[in-house]
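Just so it is clear, the values below take in all heavy atoms, side chains as well, and ignore hydrogens, waters and symmetry mates.
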Amino acid sequence: ITSLIKNSYSHLPLLCELFYLSTLLTPSFIRRWDPDLKELKDVSGSGKCEEGTTCIFAMNDGSNIPITLSNVIKNKSVDFKGGMLGGLVGAEGKVMITPIVEDSSKSKIEYSFELKGLLGSIVAILKKKECVEGTKGGLDNMVKLSEEAQKGK
């Protein structure tokens, strides 16, 4: 069962290279913009944001969600997906960076997050406001990190 809650937000303008460098260089990028995430544990491999990198999202509520990164394309995209309780709760997020055709120095960020699985769907419905605000807050934090990186360049 897939959650009915799926939110995607965009923001302009952003420099996609700066966004990548400021937030996607290592899997700790999520910790920098997700206020619900306490820490990342057991990051695999080199610790970089690479296809197949695994880690555990240790959430503020005490839950631990094993996650795998996929669709990792430098300056373009990263997806994260995982679950717990035998698949009863699933989480899936996608970050997509698209250059603006009219101005190659600018780009659009889209971020979506979805709770899946039998229990995940129920949580998404019961906590709809928190899911929407969390997704929007995550995107706002990505934008802030990108703008800070742009100022420092």
Side-chain angles (χ1 to χ4, degrees), residues 1-12 14 16 18-98 107-150 152:
I1 296 174
T2 301
S3 169
L4 301 174
I5 309 302
K6 187 169 183 179
N7 303 295
S8 183
Y9 299 93
S10 303
H11 182 78
L12 305 172
L14 296 172
C16 64
L18 286 171
F19 175 79
Y20 181 86
L21 292 174
S22 68
T23 60
L24 297 181
L25 193 56
T26 67
S28 65
F29 72 95
I30 292 177
R31 189 179 69 238
R32 296 179 69 192
W33 50 260
D34 187 342
D36 297 320
L37 184 64
K38 181 179 177 182
E39 65 178 319
L40 291 176
K41 297 180 184 178
D42 302 330
V43 179
S44 70
S46 65
K48 293 185 178 178
C49 184
E50 299 172 330
E51 190 73 23
T53 296
T54 61
C55 61
I56 296 175
F57 284 8
M59 308 306 288
N60 290 331
D61 68 5
S63 59
N64 290 302
I65 306 170
I67 294 290
T68 301
L69 301 183
S70 63
N71 194 32
V72 179
I73 304 170
K74 185 176 179 178
N75 298 335
K76 292 189 179 188
S77 65
V78 64
D79 297 348
F80 60 91
K81 184 176 182 178
M84 58 186 196
L85 300 174
L88 291 174
V89 177
E92 185 173 323
K94 297 175 185 275
V95 178
M96 175 83 59
I97 305 167
T98 310
S107 57
K108 173 176 78 170
I109 285 182
E110 295 178 70
Y111 170 50
S112 64
F113 178 77
E114 186 173 7
L115 289 173
K116 295 183 172 190
L118 182 60
L119 292 179
S121 299
I122 292 169
V123 170
I125 291 167
L126 295 176
K127 302 243 180 201
K128 182 177 180 177
K129 180 179 177 187
E130 290 88 344
C131 289
V132 171
E133 288 175 358
T135 303
K136 178 73 170 95
L139 179 67
D140 290 344
N141 287 338
M142 286 184 235
V143 169
K144 179 181 174 190
L145 290 166
S146 299
E147 290 170 346
E148 288 172 0
Q150 185 172 353

Verify, without hydrogens or angle tests, whether [X] (side chain) and [Y] (backbone) share a donor-acceptor contact under 3.5 angstrom.
X: S121; Y: G117; result: yes
X: S77; Y: N71; result: yes
X: E110; Y: M96; result: no

Output the distance between atom [atom1] ([X]) and atom [atom2] ([Y]), rounded to the nearest 0.5 Å.
X: F113; Y: E92; atom1: CZ; atom2: CD; result: 9.5 Å
X: D42; Y: I67; atom1: CG; atom2: CD1; result: 13.0 Å
X: M84; Y: L119; atom1: CE; atom2: CG; result: 8.5 Å
X: N60; Y: L37; atom1: CG; atom2: CG; result: 7.5 Å
X: K127; Y: C131; atom1: NZ; atom2: SG; result: 9.0 Å
X: T68; Y: K81; atom1: OG1; atom2: NZ; result: 9.5 Å

State, to 0.1 Å, how close [X] and [Y] come at their nearest heavy-atom pair, and which atoms those are.
X: G52; Y: S44; answer: O-OG, 4.3 Å
X: L40; Y: C55; answer: CD2-SG, 3.9 Å
X: G83; Y: P66; answer: O-CD, 3.2 Å

| field | Sidechain N-carboxylate O distance under 4.0 Å for E130, K128 | value |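 Not counted as a salt bridge, because no side-chain N and carboxylate O are separated by less than 4.0 Å.
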
| said: Side chains of N64 and K41, heavy atoms from C-beta outward: is any pair under 4.5 Å? | reply: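 Side-chain contact under 4.5 Å: yes.
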
| field | F80: which of T54, T53, L69 passes side chain to side chain contact (heavy atoms under 4.5 Å, CB included) | value |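 So the option named by the test is L69.
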
